[in-house]
Amino acid sequence: MTIAYNERSCYCGEVDSARIGQTITLCGWVATRRDHGGMVFIDLRDREGLVQLKFNPETDPPAHETAGRLRSEFCIAVRGQVAARPESMINPRMRTGQIEVNVREIDILSASETPRFLVEDDINTSDELRLEYRFLDLRRPRMQRSLITRHRAVKIIRDYFTDHGFIEIETPFLTKSTPEGARDFLVPSRKQAGSFYALPQSPQLFKQLLMMSGFDKYMQIVRCFRDEDSRKDRQPEFTQLDVEMSFVQMPDVMTVAEGYLVRVWKEILGVTLPTPFPRMPYSQALAEYGIDRPDTRYDLRIKDVGDIARKTDFKVFTGPLDKGGAVRCIRVPGGADISQSEIEKADNSLQNMLKGIGAGGLPYVKIELADGKPTFKTGVAKFFSPEATAELCERVGAEPGDAIFFAADSVDNVCKFLSRLREEIARRRNLIPAGLWNFLWVIDFPLLEHHAEDNRYYAVHHPFTAPMDEDLHLLESDPLKARAKAYDVVVNGVELAGGSIRIHRADVQSTVFKLLSLTQEEAELKFGFLLKALRHGPPPHGGFAMGVDRLVMLLCGLDSLQDTFSFPKTAEGYCPLTLAPSPVDQKQLDELWIRLNLPAKK
RNA sequence: GGGGUCGUAGCUCAAUUGGUCAGAGCGCCGCCCUGUCACGGCGGAGGCUGCGGGUUCGAGUCCCGUCGACCUCGCCA
């Protein structure tokens, strides 16, 4: 008996009551079997879902006999009739739970070894094993949904940008080291002995060149490579939506980006995002949230209380202030019920978490009502005079029953500690409302930042980001005050996209290079081709890049970026499935003029 | 590169202070079972405790090294 599996009627997850009485052909994998000796039930899975197959020994003995040999993940084809389940047998937890398929014929298309883990959602197994058996991992409904959603989001990108007059143009993977900060992946050249290509960290310079080529509106869905350590939200190769436009100012680019996000949230989640997205200056983000990608779904905003702390005799406060640091705090409404254990004693206490990122400790007070007035109790309460107490309560809006947590250190560290604390407290106290999509633009970034280690300026965004026109004069007088024409899309505390208007004037570009301690010669060597193009009638231009992997992570509510990739790598950049990277033949090395110089084994 | 946690059956984990500690659940195999959907019942197989050294009468347990995973800092937009 051979079933024409190429004449499949529909996907398993699509069988519904409308097909009752029809004879259908299905293909899929055995998810579970329930063998009663007589009746056998099989849940058959494909990419669209599950359907229950029924094998009856009285009506179809050969099919029933075959069903007895089925095991998990066997690939089978069946023909049978769709039937309504008896009232009491309906499974409301199953999309196809109203019906079942009475199987008349079955073919085992292929057998399976016993899978190393159950192919179902919410499995508890190691990432490494999942990656080693990725083909099984990807059979899980959640992973199928993730990759299918990814496809849809990318399709919407192409539709949207095509609708808006953009042209998709590919740029090279074998290219020259780009100016972004990350380490390059290198590819040795066989024909140019001793020379190397770099895989692109982004097509940044190529898309600018395409503007100079007159393409006006460019987009590309492109793989980018950065040889840095992985994280939960970072892979060595990842995908960006890359966009660049000519003859535009910031609002034009931002409108285009918003338009896409509105469309994808509408089409995939059915959510209408209000536009324009709110704008928040970088300085405000840092002051109130301590981070340039603020999560505005919950309050817990940071308040500067340096002036009040100055009046105390608390060295933990006054010490950093004397050194030009800051004392800031967040008020946790109702936070007086947080136990001392959770604040400073337990292994996973807030204090230990902060010490883990370099904090000295976690000063705090709890507020009670005493003599009709809010009074500080516990923690560092004793350092506050009644006047300072009143002033602080006024400043942060504290009421009895609240807690206040402080950070006192350099400004950078205070921001780091309190932003992390904000996040942690919000999570622990369930202050993050579900179903909220807080999109916002962070704008008014500084153009440059200064690094003390080597006493020089670095570009906050990249060296081709244009300064605000009204800040141009600051490049000479006070470079750190100059703001950039740069903008980031932040969603619920996740940086989703970022971009800028680029420099299109050769003289401004020279000034910026000078500030970045790049000599004319170095600049020519590193990106002479861009400078050359800038001398041939460059249009004003700007654009943005969006992380497609992060986009899918948000759309699917995943907490790991890995789950948006078909075949991701471990934190060490290793692929347990293919065993890449791996050593190569001596012959291959010889052709590339490469001699290994490995560290001696101890 | 630094710090931390972990590595025991196919999977997830347990095993006082170093001393019958080679265990459980699930999975797997066999038999039984006609309505299950976490099916049920009975029985069974399955382990170089990541790897290599060391301490000890004795090591899953302690020490050193190594490999790998995860978290975290650095790095990374």
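So you know, we letter chains A, B, ... as the sequences are listed, proteins then strands, and number each from 1.
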With hydrogens left out and only the distance checked, is there a donor-acceptor pair under 3.5 Å joining [X]'s side chain and the base of [N]?
X        : N      : value
A:Arg85  : B:rC37 : yes
A:Glu100 : B:rG35 : yes
A:Arg234 : B:rC76 : yes

Which nucleotide in [options] has an atom nearest any side-chain atom of [X]:
X        : options                : answer
A:Asn124 : B:rG74, B:rU12, B:rU36 : B:rU12
A:Arg33  : B:rA77, B:rC29, B:rC11 : B:rC29
A:Arg34  : B:rG10, B:rG74, B:rC37 : B:rC37
A:Ile357 : B:rG10, B:rC76, B:rU72 : B:rU72
A:Arg420 : B:rG35, B:rU72, B:rC70 : B:rU72

Any side-chain N or O of [X] less than 4.0 Å from the OP1 or OP2 oxygen of [N]?
X        : N      : answer
A:His36  : B:rG35 : yes
A:Lys355 : B:rC73 : no
A:Thr125 : B:rU12 : yes
A:Thr570 : B:rA69 : yes

### Query
Between A:Lys416 and A:Gly573, which has a closest nucleotide on RNA chain B that is more 5'?
A:Gly573
### Task
For A:Asn102 and for A:Arg231, locate the closest nucleotide of RNA chain B by heavy-atom distance; then report the residue assigned to the nucleotide nearer the 5' terminus.
A:Asn102
Could you give the [atom1]-to-[atom2] distance, from [X] to [N], as a whole number of Å?
X        : N      : atom1 : atom2 : result
A:Arg69  : B:rC29 : CZ    : C1'   : 17 Å
A:Lys569 : B:rA69 : NZ    : P     : 13 Å
A:Ile291 : B:rA77 : CD1   : P     : 16 Å
A:Glu128 : B:rU12 : CD    : C1'   : 16 Å
A:His451 : B:rG74 : NE2   : P     : 12 Å
A:Met353 : B:rC71 : CE    : P     : 17 Å
A:Glu228 : B:rC75 : CD    : P     : 10 Å
A:Lys232 : B:rC70 : NZ    : C1'   : 9 Å

### Task
Indicate the ring-plane relationship of A:Phe544 and A:Phe161, choosing parallel, tilted or perpendicular according to the 30° and 60° boundaries.
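Plane angle between 30° and 60°, so tilted.
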### Parallel, tilted or perpendicular: ring planes of A:Phe185 versus A:Phe225, cut at 30 and 60 degrees
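Rings of A:Phe185 and A:Phe225: perpendicular, over 60°.
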#### Entry: Carboxylate-amine/guanidinium contact A:Asp233 A:Arg550, below 4.0 Å
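A salt bridge links A:Asp233 with A:Arg550.
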### Message
Taking the basic N atoms (NZ, or NE/NH1/NH2) and the acidic carboxylate oxygens, is any pair closer than 4.0 Å for A:Glu424 and A:Arg427?
### Response
yes
When we call it a touch if two heavy atoms are under 4.0 Å apart, what does [X] touch: a base, just sugar-phosphate, or nothing?
X        : result
A:Arg71  : sugar-phosphate
A:Arg130 : nothing
A:Asp227 : nothing
A:Asp229 : base
A:Ile123 : nothing

Under a 3.5 Å limit for both distances, which nucleotide forms a Watson-Crick or G-U wobble pair with [N], could you say?
N      : result
B:rC31 : B:rG41
B:rA59 : none
B:rG25 : B:rC11
B:rC70 : B:rG4

### Message
Taking B:rG74 as the reference, what is the distance to B:rC11 when you measure between their P atoms (whole Å, please)?
### Response
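Going atom to atom, P in each nucleotide, I get 35 Å.
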### Query
Between the side chain of A:Glu100 and the main-chain N/O of A:Ala84, is any donor-acceptor distance below 3.5 Å?
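Not confirmed, A:Glu100 side chain does not pair with A:Ala84 backbone.
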#### Entry: Considering all heavy atoms, the nearest A:Arg116-A:Leu136 contact
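So the two residues come closest at N-CD1, 4.5 Å.
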## Note on the structure
Scanning both residues in full, the closest heavy-atom pair of A:Leu70 with A:Ile76 reads CD2-CG2, 3.6 Å
### Query
Within 45° of the ring axis of A:Tyr458 and under 6.0 Å from its six-membered ring centre, is that where the NZ or CZ of A:Arg456 lies?
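Output yes; distance and angle both within limits.
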### Query
Counting only non-hydrogen atoms, which of residues 38-53 of chain A are less than 4.0 Å from RNA chain B?
A:Gly38, A:Met39, A:Phe41, A:Gln52
### Query
Measuring from A:Leu26:CG to A:Leu53:CG, what's the distance to the nearest 0.5 Å?
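If we round to the nearest 0.5 Å, A:Leu26:CG and A:Leu53:CG are 7.0 Å apart.
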### Query
Among side-chain atoms of A:Thr23 and A:Gln81, is any donor-acceptor pair under 3.5 angstrom?
yes
